[in-house]
Student: 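Quick one: structure below, then a few questions.
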Amino acid sequence: MPSDTLLITGGAGYIGSHTVRHLLEQHERVVVLDNLVFGHRDALPADRVTLVEGDMADAALVERVFAEHAPEAVLHFAAFAYVGESVTDPLKYYRNNLAAPLTLLEAMQRHGCRRFIFSSTCATYGDPVRVPIDESHPQSPVNPYGASKWMLERVLRDCDTAWGLKSVFLRYFNASGCHPSGEIGEDHDPETHLIPLVLQAAAGKREHITIFGTDYPTPDGTCIRDYIHVCDLASAHALALDYLRGGGETIAVNLGTGRGFSVREIIATAEAVTGKTIPVRHGARRAGDPAELVADPALALKVLGWKAARLDPREHIESAWKWMSRPHGGRYRK
Ligand code: UDP
C-alpha cells in the first residue's frame, strides 16, 4: 500500500530543492532520488530528507526505493535542460528526459502508485501563435528539449488510459530567483540563464552580458519572458499534490505570472538592485528564441487555487543577488 511518502526525482536541483523545502514546511515526508550530476547534496537538509543517490533509469535501485518507501506520489524534476545542447545531442535528451522516466513509471505501475507531478515546460508550445499562452495553445516544440517533455506528457496520458495514472503537467515559464533565506539557490554549470548571468556581470565575475538580439518586434527590441519565482513554483507543486489527492484528473497547467519583461528591463532592474553598472554588449539572436513568451495562468488559479505571489522581477533579482552575495558566491560545495 502506498504510504504518505513523496518521491522526488531531481530533488537536489534548483527547482526540486526549493520544492523539497516547501514540502518539508508543509510537514510532508520526502525521499529524494538524485544522481547529483546537476544536483547538489548541500541543497537538501540532510537531517530531514532521505537522499538516495542514483539514477532513475537504474531499475533495481528504483525497485528498492519503491519497496522500501512505498511512495504515494512522485514529483518528477530530474531532467536535462540545456536547449542548445539538446539540438546538438538529441539522443542524450531523449534518453534522459523520455526513456529514463519509463523505468520510474514501470515501478509506479507495479507498486500501484498513481500520482505524478511532472516538471513540464512552456518549451512544449514552441513558437507561440498567440500570447498570452493558455494550455490549449498548440504544442509544437522547436527543439529536442521541448519535444522530450512534450512526448513524456503523451506517455503519461497513455498511462492514465491504461492503468489510471493521474498526472499534473506543470508547464513552467522562466524560473528565477532563490529562497529568501539565501540558504539555497541557483547553481548551474554551465550557467545559461539570463538573471544569474546578469548578476555575475554585476559582481565582476564576467566581463559583460550579451543581449541575444535587439531587433525583435517588441517595444525595446529585446525578448520578453514571463519570470516565475522558484518559490511560487514550489508552492504550485504542493497544490498540485492536493489536487491529485482530491481525486483530480490528469491536467496540464501553466505556471507563470501572466506578465512579461524584456531583457533590457531585467538588466535595468539588476542595476537598480545591485547598485552596479552592468556592461552590456549587443549580440545576434539565439536560435530558437521566440520574441515573447508569456503565460495565461488563469487555469492554475481555477483548478489548483494557485497564483504567483511574487510578480515583480525585482524581488526575484534581490533574492538571487542575496544568494550570490554569500561567501560561497552562489556556488554549492562540489
Ligand atoms: N538572454 C540574453 N543573454 C544571455 C542569456 C539569455 O539575452 O546571455 C535572453 C534570451 O535570449 C531570452 C531571455 O534572455 O530572451 C531569457 O533566456 P534564458 O536562457 O534565461 O531562458 P529561456 O527563455 O531560454 O528559457
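Values in this document were obtained by computation on a predicted structure and should not be read as measured data. As the structure lists them, so they are numbered: ligands from 1, and atoms in each ligand from 1.
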Student: Could you tell me which atoms of ligand 1, counted from 1 in the order shown, lie closer than 4.0 angstrom to a heavy atom of F212?
Tutor: 1 (N), 2 (C), 3 (N), 4 (C), 5 (C), 6 (C), 7 (O), 8 (O), 11 (O)
Student: Just to confirm my output: which protein heavy-atom neighbour is closest to atom 11 (O) of ligand 1, and how far is it?
Tutor: D289 OD2, 2.6 Å
Student: Against heavy atoms of C223, which atoms of ligand 1 measure under 4.0 Å?
Tutor: 15 (O)
Student: Between Y227 and H316, is the gap from one ring center to the other below 6.0 Å?
Tutor: no
Student: To the nearest 0.5 Å, what is the distance between SG (C231) and NE2 (H22)?
Tutor: 9.0 Å
Student: Provide the closest heavy-atom pair for W306 versus L239 in the form atom of the first, atom of the second, distance.
Tutor: CB-CD1, 3.6 Å
Student: What protein heavy atom sits nearest atom 3 (N) of ligand 1, and how far away is it?
Tutor: T210 O, 2.7 Å
Student: Heavy atom to atom 16 (C) of ligand 1, shortest distance: which of F261, Y227, F173 holds it?
Tutor: Y227
Student: In terms of relative ring orientation, are H188 and Y14 parallel, tilted or perpendicular, with 30° and 60° separating the classes?
Tutor: perpendicular
Student: Tell me which one of R285, H193, R286 gets a heavy atom nearest to atom 24 (O) of ligand 1.
Tutor: R286
Student: Please work out, at 4.0 Å between heavy atoms, whether the side chain, the backbone, both, or neither of L293 comes within that distance of ligand 1.
Tutor: neither
Student: Tell me if the aromatic rings of F80 and F38 count as close, with their centers under 6.0 Å from one another.
Tutor: yes
Student: For ligand 1, is there an N or O atom under 3.5 Å from any N or O atom of V263?
Tutor: no
Student: What do you reckon, are the aromatic ring centroids of W150 and Y93 less than 6.0 Å apart?
Tutor: no
Student: Which pairs, with at least one residue in residues 266-284 and sequence neighbours excluded, count as a side-chain hydrogen bond (donor to acceptor under 3.5 Å, both in side chains)?
Tutor: R264-H282
Student: Which is it for T192 and ligand 1 at heavy atoms under 4.0 Å: side chain, backbone, both or neither?
Tutor: backbone
Student: Would you mind running through ligand 1 and noting each atom that sits below 4.0 Å from a heavy atom of I211?
Tutor: 7 (O)
Student: For ligand 1, is any non-hydrogen atom under 4.0 Å from L197's backbone (N, CA, C, O), its side chain (CB onward), both, or neither?
Tutor: side chain
Student: Minimum distance, heavy atoms only, to atom 20 (O) of ligand 1: which one of V280, T121, L194, N174 is it?
Tutor: L194
Student: What residues, two or more places apart in sequence or in another chain, satisfy salt bridge (Lys or Arg N to Asp or Glu O under 4.0 Å) together with R95?
Tutor: none
Student: Which of the numbered atoms in ligand 1 are under 4.0 angstrom from any heavy atom belonging to I209?
Tutor: 8 (O)
Student: Describe, in one word, how the ring planes of F118 and H76 are oriented to each other, choosing from parallel (under 30°), tilted (30 to 60°) and perpendicular (over 60°).
Tutor: parallel
